[in-house]
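Input: a single structure, listed below in structure tokens.
Protein chains get the first letters and strands the later ones, always in sequence-line order, with residue 1 at the start of each.
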There are 2 protein chains.
Amino acid sequence: MNSKGYLKHIAYDSVVFGFSGEKLKILIMKYHNTGLFALPGGFVKYDEDLNDAVRRGLKERTGLDNIYLEQFYAFGSVARYKPEIMETIMKANNQSLEGYSWLLDRFISVAYYALINYEDVVPTPDALSDSCDWYALDELPNLMLDHADIVAKALQTLRDNLERKLVGMNLLPTLFTMKELQKVYEAILGEKLHRGTFQRKILSLGILKRHEKQYSGAAHKAPFLYSFEQK
Amino acid sequence: MNSKGYLKHIAYDSVVFGFSGEKLKILIMKYHNTGLFALPGGFVKYDEDLNDAVRRGLKERTGLDNIYLEQFYAFGSVARYKPEIMETIMKANNQSLEGYSWLLDRFISVAYYALINYEDVVPTPDALSDSCDWYALDELPNLMLDHADIVAKALQTLRDNLERKLVGMNLLPTLFTMKELQKVYEAILGEKLHRGTFQRKILSLGILKRHEKQYSGAAHKAPFLYSFEQK
DNA sequence: TTAATATTGTCGCAAATTGAGACAATAAGT
DNA sequence: ACTTATTGTCTCAATTTGCGACAATATTAA
């Protein structure tokens with residue numbers, strides 16, 4: 001334990017997925033005066049569950065409780081140990097290293113991904129960072145350390161879990177159209193899906209509840225709205 | 001860092017699967033004079049990759065290099081912090097706590113599963129343990145801490161990965177029959193599979209190489225032997 | 001009012017995959 | 001030769017999937 005009550009050598013990083021403009025986006029932080037971009041992360045308090053630490057951090061960054069959260073890998077190579085980077089961040093913030101030398105030590109980072117409804121979130125920077133903003137997956141800035149690897153592995157895991165864990169609906173508002181859901185699946189998988197087949201498949205799962213139609217004002221048939229039926 | 005050069009608060013545990021007698025088995029250690037059973041685990045050196053630490057430990061426990069290894073979860077609840085258990089183990093070994101107080105601290109454990117050829121292994125205890133032996137999954141002793149949860153999650157992950165990662169053949173010798181491979185799949189999935197369907201499916205993957213027949217001396221047609229075709 | 005247009009819900013059909021049994025072809029033992 | 005257990009493969013039905021088609025809207029334009 002150190003003076004701040006955090007476990008040494010252990011950090012977490014989170015890949016927070018949202019869906020907007022037909023694209024998958026993630027939250028990226030930018031540190032003051034450094035040009036460094038990073039995933040939102042944090043540390044684990046001495047008397048706190050690892051999972052709770054991540055939820056606490058996500059709550060601060062997004063304002064949301066009860067997020068869909070999945071742990072997917074612990075990154076533990078020696079190559080990711082670059083104390084000079086953390087030193088740069090601290091110095092750029094005029095932060096004394098006094099009492100914070102533990103931050104310059106080696107960390108193993110447990111990575112999580114979260115799925116949230118884009119509209120519900122107000123991204124919030126922390127004390128060390130300028131900004132916390134959404135970036136589309138294909139327009140990410142250069143990320144520090146191995147954070148690009150973490151994002152890649154998060155996306156891969158999300159794809160693998162797509163059908164198995166019925167993950168799609170966590171990225172949408174309570175009510176959504178079939179087309180919107182299909183766009184989410186396409187963004188995650190990175191490929192077009194056949195409309196008829198997709199609709200049939202999803203409906204056959206029996207997990208959607210159909211609501212009244214949505215009149216968009218556009219010159220065509222109005223689609224039904226659906227919600228995710230809780231078991 | 002501590003006097004032994006290990007990272008504080010970080011451990012790993014491994015679920016080492018082998019296949020014998022038509023059953024899945026795993027390696028379990030028993031600590032001297034305590035009646036405590038545990039998964040093989042260990043710690044990470046200060047200048048060592050997490051994955052390398054696990055391979056090092058597995059090499060000591062099984063004698064094998066180049067093991068099929070998969071990380072599946074980091075267990076980090078506060079509930080698993082029970083210093084009195086580690087103290088019991090140390091005392092039962094007349095080990096002084098001098099310089100080892102870090103062992104009584106809280107640990108987050110990164111769990112891995114390994115798949116190995118049962119016949120290739122001579123289970124080897126370490127300094128603190130009586131024995132390191134195979135136990136069938138349905139005949140496990142009571143495991144300490146949350147190790148039973150770790151085993152359950154390992155099995156679940158193995159099942160989920162079964163087709164996706166073509167995992168079955170790592171549990172068999174180089175040459176094996178189709179029936180043996182089917183038994184492995186059945187043991188992992190916990191259900192019977194249809195013989196014809198299984199054979200057709202596996203062969204259609206195009207990853208098996210067929211060799212000469214195996215004459216078992218039994219009163220029936222001899223099966224072909226197969227090996228896993230490396231890409 | 002009627003026609004044009006874009007999009008939706010659903011259906012039909014062919015292709016592919018899966019589940020389950022059947023049958024001929026063995027290796028021994030009797 | 002006859003019996004028995006097991007293997008490799010096949011067939012056929014049932015199910016799932018890929019893909020296009022069609023009727024049913026909601027709105028705008030004529």
Base-contact (B) and sugar-phosphate-only (S) positions in nucleotides 20-30 of chain D, heavy-atom cut-off under 4.0 Å, - elsewhere: BB--BBBB---
Spacing of [X] atom [atom1] relative to [N] atom [atom2], expressed in whole Å:
{"X": "B:Leu203", "N": "D:dC10", "atom1": "CG", "atom2": "P", "result": "11 Å"}
{"X": "B:Tyr226", "N": "D:dG8", "atom1": "OH", "atom2": "C1'", "result": "8 Å"}
{"X": "B:Gln199", "N": "C:dA20", "atom1": "CD", "atom2": "C1'", "result": "15 Å"}
{"X": "B:Phe224", "N": "D:dT6", "atom1": "CZ", "atom2": "P", "result": "18 Å"}
{"X": "A:Phe198", "N": "C:dT8", "atom1": "CZ", "atom2": "C1'", "result": "14 Å"}
{"X": "B:Glu212", "N": "D:dT7", "atom1": "CD", "atom2": "P", "result": "17 Å"}

A:Glu70: which of A:Lys165, A:Arg164, A:Lys153 passes salt bridge (Lys or Arg N to Asp or Glu O under 4.0 Å): A:Lys165
Residues within residues 171-193 of chain A bordering DNA chain D, heavy-atom distance below 4.0 Å: none
Parallel, tilted or perpendicular: ring planes of A:Phe107 versus A:Phe43, cut at 30 and 60 degrees: tilted
Plane angle bin for A:Phe72 and A:Tyr113 - parallel if under 30°, tilted between 30 and 60°, otherwise perpendicular: tilted
Side-chain heavy-atom pair A:Leu158, A:Phe17 within 4.5 angstrom cut-off: yes
B:Leu172 side chain reached by B:Asn117 side chain, heavy atoms, under 4.5 Å: no
Aromatic contact between [X] and [Y], with the criterion being ring centroids under 6.0 Å apart: yes or no?
{"X": "A:Phe228", "Y": "A:Phe176", "answer": "no"}
{"X": "B:Tyr185", "Y": "B:Phe198", "answer": "yes"}
{"X": "A:Phe75", "Y": "A:Tyr73", "answer": "yes"}

side-chain hydrogen bond (donor to acceptor under 3.5 Å, both in side chains) involving B:Glu60 - partner list, sequence neighbours excluded: none
Phosphate contact (C:dT17 OP1 or OP2) by B:Lys201 side-chain N/O below 4.0 Å: no
A:Arg200 (side chain) and C:dG9 (base): donor-acceptor pair under 3.5 Å: no
